[in-house]
Amino acid sequence: MKTHGAGTLRAADVGTEVTLAGWVGRRRDHGGVVFVDLRDASGIVQVVLNPDDAPASEQELSSLRMEYCISISGLVHLRPDDMANPELPTGEVEVVANTMTVLSPSETLPFQIDDRIEVDEARRLQYRYLDLRRPSMTENLRARSKVIRAMRNVMDDLGFMEVETPTLIASTPEGARDMLVPSRLRKGNFYALPQSPQLFKQLLMIGGVERYYQVARCYRDEDLRADRQLEFTQLDFEGSFWGQEDVLATLEAISTRVTKDLRGIDVDQPFPRLTWHQAMERYGTDKPDIRFDMQITDLSDVFAETGFKAFSGVLASGGSIRGINAGALGLSRSGLDGLSARAQELGAKGLVWMVTEDDGGFRSPVAKFLSETELEEISTASAAEPGDVVLIVADETQTVLEVLGQIRLEVGQPDGHDELAYLFVVDFPVFERNEDGDFVALHHPFTAPVDVREMSEDPGHAISKAYDLVLNGSELGSGSVRIHDPAVQAKVFETLGISDEDAERRFGWFLEALRYGTPPHAGFAIGIDRLVAILQNAPNIREVIPFPKTQTGADPLTGSPSRVDDDQLRELGVEVRPAVMAEWAVDEAAGD
RNA sequence: GGGGGCGUGGUGAAGUCUGGAGUUCACGCCGGCCUGUCAAGCCGGAGGUCGCGGGUUCAAAUCCCGUCGCUCCCGCCA
């Protein structure tokens with residue numbers, strides 16, 4: 001039906017007889033000659049419909065409208081002198097049609113197919129099939145495809161085998177909320193959709209696969225965000241007889257290949273590394289954006305003897321005082337005070353700003369409370385140049401780090417849009433405490449501790465063989481060396497407060513598997529949606545997902561999630577709770 | 001569960017703070033003119049229950065209360 005892609009035609013094709021098919025992007029009707037920007041998946045080319053060539057009846061030519069699906073045949077011409085369009089890759093040529101057929105007319109669209117117009121996202125999702133015609137969306141889908149292809153190529157080159165794992169699995173209520181699917185054959189029982197293929201890929205290692213990967217759809221029933229959807233896609237991989245370095249080297253191979261294929265950028269290897277502790281101390285987060293420096297400096301020692309009550313009090317109660325040199329922010333007095341307000345909003349008692357004067361002194365509301373020595377030491381410790389703004393927070397150490405880390409992101413200016421700063425964060429703690437003070441696994445409970453004895457004796461400080469891949473301040477994924485020793489696995493469950501019976505009931509099948517010669521193994525999962533979004537400079541992952549959900553988990557196009565017939569529920573042995581039915585009744589009454 | 005932003009012809013925006021006739025701009029749509037434009041141009045036209053409900057007022061897009069939707073964030077996301 002077509003011989004060429006519209007966007008592929010170049011000066012070299014001049015003189016070629018082509019048949020094209022696509023959509024009318026723009027129509028410029030001069031009463032006689034009609035120009036059409038013909039758009040297909042490959043791009044756009046100008047088609048000239050001249051009544052003198054009789055490609056169609058004059059009535060048909062004048063009735064062409066935007067987004068009509070048409071096909072044309074004609075000759076590729078070089079455009080007349082001075083009429084090339086440098087904005088288009090095909091701008092040097094045009095196709096002079098000798099036939100034109102309307103394949104499928106279009107009603108007036110609910111919005112225009114135009115990258116320059118920002119349409120309400122609910123409307124875009126309701127008509128996603130039209131939204132996808134926008135060149136930026138076409139490009140995002142293509143980029144996603146390229147990324148996945150690059151990943152598969154690397155994995156194949158490295159000898160990995162793609163294996164599919166089930167998506168109807170047993171629920172293991174731990175971590176995120178499971179998506180549940182009722183079973184008809186076993187009424188009252190439920191499958192869960194996987195949060196990740198974690199345990200299955202470990203079973204594959206026990207099964208002797210050695211090198212596994214999968215482009216895996218994962219599900220987590222938690223609230224949505226710009227970088228979180230209910231379902232998302234990971235490149236999941238695992239290797240036997242592997243340790244941390246093998247995984248990190250593989251991640252470098254994948255990331256550099258993807259970046260090269262998609263953006264043509266050569267990323268330096270090896271990627272920089274920070275320990276989790278270093279990341280927290282220097283950037284106040286476990287996913288630092290290292291496109292700019294602006295590290296957090298500990299100023300507690302500077303104020304050890306201070307007479308400034310706000311600072312001495314914090315130190316006396318075991319907190320710390322830290323600051324960042326935010327550089328020349330060019331903010332007014334009220335702008336600087338705004339930063340203090342922002343710090344309070346983020347949970348700090350306050351924030352002190354100090355503007356460096358030309359003579360090296362400071363202009364600051366608190367300068368008069370600080371000694372000459374203290375001021376000098378602040379200046380030295382933060383390497384402040386004239387004009388630089390030093391921001392200081394004094395509070396509990398964790399609060400100080402979190403607040404400064406966030407302020408850093410808000411005042412920091414990444415140098416270039418195109419810069420891609422990959423980073424490994426390693427040596428994560430094994431456990432963290434939840435709000436009740438109990439230990440919970442920071443990564444997941446199948447993560448190997450660096451030292452089992454240390455883990456038992458001082459779980460709060462134990463380090464695990466877990467690592468993250470970070471890109472421009474976003475967590476792209478996590479991985480770890482897994483536990484292959486059933487005794488260690490039991491120890492971890494014990495520390496987590498999971499009883500033997502509980503562990504047996506929930507993970508017994510897995511604990512048993514570990515007992516049959518489990519190879520040491522390690523792996524990782526990369527969030528593909530997040531990676532593609534960053535590489536495409538997209539503001540959220542919905543832009544790189546063809547049919548995403550809104551923030552309330554709905555699809556405005558198909559109307560999911562939706563209620564189902566009583567018959568369907570009866571077959572499943574499932575009933576909607578009366579309280580929920582009552583809410584429906586209220587909604588319906590309000591709707592009438 | 002909590003906090004912020006947004007909701008105005010088909011689309012995007014201004015108008016809302018400080019109440020006074022559905023006012024304005026661009027695109028699209030309909031009709032007309034136009035044979036080299038490229039976000040074509042020119043002329044004319046149609047199109048809106050200002051998300052929804054209630055309140056205050058002589059008068060509400062505008063103020064107040066509630067509610068729904070979208071979005072950003074916190075909690076949550078082993």
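Lettering follows sequence order; numbering is per chain, from 1.
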Within the structure shown, what part of the strands sits under 4.0 Å from [X] by heavy-atom distance: base, sugar-phosphate, or nothing?
| X | answer |
| --- | --- |
| A/Glu94 | base |
| A/Leu496 | nothing |
| A/Pro110 | sugar-phosphate |
| A/Asp120 | sugar-phosphate |
| A/Val119 | sugar-phosphate |
| A/Pro80 | base |

remark   = Assert: residue with more 5' nearest nucleotide on RNA chain B, out of A/Met66 and A/Leu109, is A/Leu109
ask   = Stacking check: are the rings of A/His30 and B/A40 less than 5.5 Å apart at their centres and under 30 degrees in tilt?
value = yes
task = Answer yes or no as to whether B/U11 has its base stacked against A/Phe111, where stacking requires a ring-centre separation under 5.5 angstrom and planes under 30 degrees apart.
result = no
Which whole-number value in Å describes the distance from [X] [atom1] to [N] [atom2]?
| X | N | atom1 | atom2 | value |
| --- | --- | --- | --- | --- |
| A/Arg116 | B/G28 | CZ | P | 10 Å |
| A/Leu224 | B/U71 | CG | C1' | 12 Å |
| A/Asp555 | B/G69 | CG | C1' | 15 Å |
| A/Gln551 | B/C74 | CD | P | 11 Å |

message = Using only modelled atom types and a 3.5 angstrom limit, is any donor from either the side chain of A/Arg65 or the base of B/C30 paired with an acceptor on the other?
response = no
query = Does the base of B/C38 carry an N or O that pairs as donor and acceptor with the side chain of A/Arg79 under 3.5 Å?
reply = yes
key: Among B/C70, B/C29, B/U11, the nucleotide that comes nearest once only the side chain of A/Ile117 is considered   = B/U11
query = Does A/Arg27 make a side-chain N or O approach to OP1 or OP2 of B/A39 shorter than 4.0 Å?
reply = no
Complementary nucleotide of B/U56, counting Watson-Crick and G-U pairs under 3.5 Å = none
